[in-house]
Student: 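Dropping a structure here in structure tokens format, bear with me for questions.
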Amino acid sequence: MGRKKIKVRNLYREWLPDGFRLALESGRRRNEITSMKMSDIVEVNESPSYIKVEDQKVNQIRNLKDENKKFVFVPITKNLNDLINKLGYEEYKKDKIDRFLLAPDIQDKRNRVMADTLSRGF
């Protein structure tokens with residue numbers, strides 16, 4: 001009897017290193033990381049100050065909608081500022097074209113597929 005060959009899937013995506021770093025710098029959950037947008041970054045004195053992130057888990061558990069939703073405010077540290085600039089924040093400020101922080105090209109199934117890939121890739 002021969003041994004069964006197991007096909008190994010390549011889970012690497014080019015956005016994974018930035019996703020891991022965004023997770024480490026922000027401390028947010030995987031679904032929240034994949035949902036962050038450039039427009040969520042709030043500036044104070046023309047400098048990025050914090051990211052307003054929807055607390056998706058709490059909102060889902062409590063069934064909170066629209067104006068009752070809970071948000072978390074992630075302070076932008078020097079390292080996080082470097083990362084958001086690498087992800088294109090300066091370009092966003094010029095053009096005001098809203099897009100996702102992480103892998104803006106991907107539009108479909110962000111919360112499910114991307115979040116699972118982020119978790120499995122780790």
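As the structure is a prediction and not an experimental result, all values here were calculated from the model.
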Student: Show, in sequence, the C-alpha distance, side-chain angles and deciding distance for Val53 and Asp40, and conclude whether the side chain to side chain contact (heavy atoms under 4.5 Å, CB included) test is met.
Tutor: CA-CA 7 Å; Val53 183; Asp40 297 334; 5.8 Å; no
Student: So which heavy atom on Tyr92 is nearest to which on Ile97, and how close?
Tutor: CD1-O, 3.2 Å
Student: Hey, what do you get for CG (Leu118) to CG (Asn31), rounding to the nearest 0.5 Å?
Tutor: 9.5 Å
Student: Between Ser26 and Val74, is any pair of side-chain heavy atoms under 4.5 Å apart?
Tutor: yes
Student: Mind listing the closest non-hydrogen atom pair of Arg30 and Ala115 along with its distance?
Tutor: NH1-O, 3.2 Å
Student: With Met36 as reference, evaluate Leu101, Leu87, Ile84 under the side chain to side chain contact (heavy atoms under 4.5 Å, CB included) test and give the passing residue.
Tutor: Leu101
Student: Decide if atom CD of Gln60 counts as having more than 12 heavy atoms of other residues, nucleotides or ligands within a radius under 6.0 Å.
Tutor: no
Student: Hey, any chance Leu16 and Ile106 share a hydrophobic cluster, counting ILVMFWY side chains that come within less than 4.5 Å of each other, even indirectly?
Tutor: yes
Student: Looking at CG of Leu80 and OG1 of Thr77, how far apart are the two atoms once the value is rounded to the nearest 0.5 Å?
Tutor: 5.0 Å
Student: Would you say Lys57 has more than 12 foreign heavy atoms packed within less than 6.0 Å of its NZ?
Tutor: no
Student: Looking only at heavy atoms, which two atoms of Ile76 and Ile41 are closest? And how far apart?
Tutor: CD1-CG2, 3.8 Å
Student: Does Phe73 have Lys52 sitting over its ring (NZ/CZ under 6.0 Å from centre, angle to axis within 45°)?
Tutor: no
Student: Report yes or no: do Leu102 and Phe20 belong to one cluster of Ile/Leu/Val/Met/Phe/Trp/Tyr joined by side chain heavy-atom distances under 4.5 Å?
Tutor: yes
Student: Report the distance from atom OH of Tyr50 to atom CZ of Phe71, rounding to the nearest 0.5 Å.
Tutor: 11.5 Å
Student: For Gly88 and Met38, work out which heavy atoms get closest and say how close.
Tutor: C-CE, 3.7 Å
Student: For residues 64-73, which residue pairs pass the salt bridge (charged side-chain N to carboxylate O under 4.0 Å, His left out) check, not counting sequence neighbours?
Tutor: Glu54-Lys69, Asp55-Lys70
Student: With salt bridge (charged side-chain N to carboxylate O under 4.0 Å, His left out) as the rule and sequence neighbours excluded, what pairs involving residues 10-24 come up?
Tutor: Asp18-Lys86
Student: How close do Thr34 and Phe100 get, counting heavy atoms only, and between which atoms?
Tutor: O-CD2, 3.6 Å
Student: Mark yes when over 12 heavy atoms from residues, nucleotides or ligands other than Glu43 sit less than 6.0 Å from its CD; otherwise mark no.
Tutor: yes
Student: For a 4.5 angstrom cut-off between non-hydrogen side-chain atoms, does Asn81 reach Tyr89?
Tutor: no
Student: Locate the shortest heavy-atom distance separating Ser39 from Asp98; write the atom from each residue and the value.
Tutor: OG-OD2, 2.9 Å
Student: Glu32 side chain to Gln56 main-chain N or O, any donor-acceptor pair under 3.5 Å?
Tutor: yes
